[in-house]
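Report on the structure given below.
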Amino acid sequence: MIALELQTLGLISKSLDANGLSGQITNYSHASAFRPVFCFDFEDMVCQLSRPQRVLVRTGDNSGVLLVTGIQSNQELMKKMKRPKFTVPQISCDVRAGKITNVEFIVKCPPGCQDPRYHVYGTDVYASYSSVCGAAVHSGVLDNSGGKILVRKVAGQSGYKGSYSNGVRSLSLPRWRESFVVSEGKPQKGVTYPSSLTYSSSKSPAAKAGETARADQSPSGPETAAQPVTATQVPGTTAVEATRTTLPKPSPSADFTASGLRPQPAGQRSKDLGEPALWKPESVLLDAGFVPKEELSTQSLEPASQGDPSCKVDLSFLIDGSSSIGKRRFRIQKQFLTDIAQILDIGPAGPLMGVVQYGDNPATQFNLKTHMNSQDVKAAIEKISQRGGLSNAGRAISFVTKNFFSKFNGNRGGAPNVAVVMVDGWPTDKVEEASRFARESGINIFFITIEGASENEKQYVLEPNFANKAVCRTNGFYSLTVQNWFSLHKTVQPLVKRVCDTDRLACSKTCLNSADIGFVIDGSSSVGTSNFRTVLQFVANLSREFEISDTDTRIGAMQYTYEQRLEFGFDEYSTKSDVLNAIKRVGYWSGGTSTGAAINYALEQLFKKSKPNKRKLMILITDGRSYDDIRIPAMLAHHKGVITYAIGVAWAAQDELDIIATHPAKDHAFFVDEFDNLYKVVPKVIQNICTEFNSQPRN
């Protein structure tokens, strides 16, 4: 208790704490030695009385008039006064910002708020429907161990973009009435934060104001205080007009905290540069229609979403429904799917999800176009019942390749196709050929093996190392091994991160790209022997990025000057090592530069022997302007469906490169100033090949 020696008029001395004064000090004496003093709380009064003087004070309950005498200096009093220690309120992970009426506050979050159960909507600026602590983890202010954060309400946004960050998948939202931002839990100088939070309830704002009233005002006086706005509509006015109705000014003891306003500290600007404007309650009433504030605060409907565009994939889960899995583990598998759907912001602009269950034979539980939001997908998963039978994963993969990813079933063409195969133990049939055919069709295969075969069980596995044979690359990205079913939940976040990595998925299909790639190499005299070897290294670097076999990508090459020479065709080499060795053996020819004739030769000698189901890619490398016309041969190549990349070096003509290249030229024509810089083009060409492949419908 902070005590002052107060001498009453005709009464004994007594001690009062800060709450014992109403906040108004009035001079009732006519003596010239007295002067009026005005302040709004006990602490301010002490600051005003910077020298000994006498003033009369009226207590809050008007029970007596006190005479203050012998007031010590401001500095001495401040030393004696002990400020109450600020207590940081603790909240749970599931508390949403919209349930807290305070506009700015510091809270402490517990560990574990990275869990997908705690929904987050938006990036950097979050809809108030979000978990406060979940948003803090998503923004990077906290990690999953918890801690203190500063939360500040701001105005509602017309849209919120979802994203994956720091282990949390936030969702997109078209609009919401209120937002908030989070930062490190460091108090700003001069700002008082609440030690306890005010939560919304069914009571009216006026009732809450009466329960929690306190003097929390700015030293500038009551005339400058912001006016609380209630949701009371004035008869004969519209909802918006009601918000503009002039209300009586509050008394100095009015409750600012309950109405959601906080005074600015002295000397602080009302809006800091680069920070969102402080949210005002009026913005609530300017939503789509007039809704009472208490009704808004208790709404619990799931916000509508159109999907997360940063994770636009067509996703199929192949779940194991065989008899060996048992009912309990099958329920765990369904919960795993539910957790995935919870994190993914499913919708037409983002990921779409379907489920195929397999046993003896596969069957579609629901396809890509059946459900357009996460909530409906979760409900559909709950209804799935176990089929029983064997664990024929290979048959299921073939079924998905032929039937699931069709336009009729919702395949969008421009989104990567992903099939996640879940296997209890091991498949009872072979998966390698079925998976290879799926990859040729442009499907990214992920394998999740739970409780794989033990040493004494491996004799029963039909296809040893089946997971690595099924996936695109054996780098651990496409296959996950889970020790037991009770650890399956740990795979949720890593899997979501991978299936949403659309850039990497696009180029996973460098082994998925079922293509015939023909290199057309300029061997003219201006190239020279040394630079020609650099060109061959460029060809080898590109070829190395593809999985080469008769059913995957095939490589062919020809060299040209005035004349043309086939170095090797698509059907000569079926392994990567054989292709790379063949490229090394190509000898430098030397001569003129007839690029038009070379394109015609490539169409006749290379691509005429291409398989019907293969994409045809021509990669032409030249260092100069052609001696013959390239327009008609280039048009013929485009007409025959050959996708042409033109790589120009040194003296190559940009206008010719643009004519040779498939439209748009910016994605198919590249130029480097010298041969030693050819290596820089490799990732660009690979990325464009993969991206273009994913943009084509595969029905």
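Numbers here are sequence positions counted from 1.
- S92 pairs by the side-chain contact (heavy atoms from CB on, under 4.5 Å) definition with D94, V95, not counting sequence neighbours.
- At a threshold of 4.5 Å between non-hydrogen side-chain atoms, the residues V107 and L197 count as touching.
- Checked against side-chain contact (heavy atoms from CB on, under 4.5 Å), S374 has the following partners two or more places apart in sequence or in another chain: I346.
- Remark: E382 engages no residue in a salt bridge (Lys or Arg N to Asp or Glu O under 4.0 Å) (not counting sequence neighbours).
- The backbone N or O of R328 lies less than 3.5 Å from no partner atom in the side chain of Q333, so there is not a single donor-acceptor pair.
- K148 meets the side-chain contact (heavy atoms from CB on, under 4.5 Å) test with V88, K108; sequence neighbours excluded.
- Using a 4.5 Å cut-off on side-chain heavy atoms (C-beta onward), Q188 and L150 make contact.
- At distances below 3.5 Å, not a single donor-acceptor pair connects side-chain atoms of S130 with backbone N or O atoms of A135.
- Side-chain atoms of T370 do not come within 3.5 Å of backbone N or O of F366 as any donor-acceptor pair.
- Under the 3.5 Å distance criterion, the side-chain polar atoms of N102 are left unmatched by any main-chain donor or acceptor of E104.
- Counting only heavy atoms from C-beta outward, the side chains of L171 and I343 never approach each other to under 4.5 Å.
- Among residue pairs with one or both ends in residues 138-168, none qualify as disulfide bond (SG atoms under 2.5 Å apart); sequence neighbours excluded.
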For this session: For side-chain contact (heavy atoms from CB on, under 4.5 Å), just list the numbers for L488 and R329, CA-CA rounded to whole Å, side-chain angles, deciding distance to a tenth of an Å, and then say yes or no.
Result: CA-CA 10 Å; L488 183 60; R329 289 181 290 184; over 6 Å; no
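- Side-chain contact check for I340 versus V492: some heavy-atom pair is nearer than 4.5 Å.
- In this structure the side chain of D308 never reaches within 4.5 angstrom of the side chain of L344, judged on heavy atoms.
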Exercise. Given Y160 and S179, is the side-chain hydrogen bond (donor to acceptor under 3.5 Å, both in side chains) satisfied, shown in steps?
Worked result: CA-CA 10 Å; Y160 300 84; S179 313; 2.6 Å; yes
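- Looking at S172, its side chain does come within 3.5 Å of a backbone N or O of G162 through a donor-acceptor pair.
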Exercise. Do Y129 and Y121 pass the ring pair (Phe, Tyr, Trp, His ring centres under 6.0 Å) test, and can you show the C-alpha distance, the side-chain angles, and the key distance before you say yes or no?
Worked result: CA-CA 7 Å; Y129 197 79; Y121 299 89; 5.7 Å; yes
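- Judged as a ring pair (Phe, Tyr, Trp, His ring centres under 6.0 Å), and not counting sequence neighbours, Y164 has no contacts.
- Nearest heavy atom pair, residue A341 against residue K378, reads CB-CG, 3.8 Å.
- Applying the side-chain contact (heavy atoms from CB on, under 4.5 Å) test between V120 and each of S163, C113, S170 identifies S170 as the sole match.
- Side chain of T101 to backbone of T198: a donor-acceptor contact under 3.5 angstrom is found.
- Using a distance-only test at 3.5 Å, with no hydrogens or angles considered, a donor-acceptor pair links the side chain of R412 to the main chain of V313.
- Atom-to-atom distance recorded for R169:CZ and D345:CG is 8.0 Å, nearest 0.5 angstrom.
- With sequence neighbours left out, R331 forms a salt bridge (Lys or Arg N to Asp or Glu O under 4.0 Å) with no residue at all.
- Evaluation of the side-chain contact (heavy atoms from CB on, under 4.5 Å) rule for D376 yields H371, N373 as partners, not counting sequence neighbours.
- Among residues at least two apart or in separate chains, disulfide bond (SG atoms under 2.5 Å apart) pairs with a member in residues 127-162 are C109-C133.
- Under the 4.5 Å side-chain criterion, counting only non-hydrogen atoms from C-beta, P348 is not in contact with K369.
- Partners of D339 by salt bridge (Lys or Arg N to Asp or Glu O under 4.0 Å), not counting sequence neighbours: none found.
- Qualifying salt bridge (Lys or Arg N to Asp or Glu O under 4.0 Å) partners for K383, counting only residues two or more places apart in sequence or in other chains: none.
- Here the side chain of Q365 pairs no donor or acceptor atom with the backbone of V355 at under 3.5 angstrom.
- Without hydrogens or angle criteria, S165 side chain to S139 main chain gives no donor-acceptor distance under 3.5 Å.
- Looking only at side-chain heavy atoms (C-beta outward), C500 and P351 stay at 4.5 Å or farther from each other.
- Considering only heavy atoms from C-beta on, L173 stays 4.5 Å or farther from Q157 through its side chain.
- For F180, the ring pair (Phe, Tyr, Trp, His ring centres under 6.0 Å) partners are Y126, not counting sequence neighbours.
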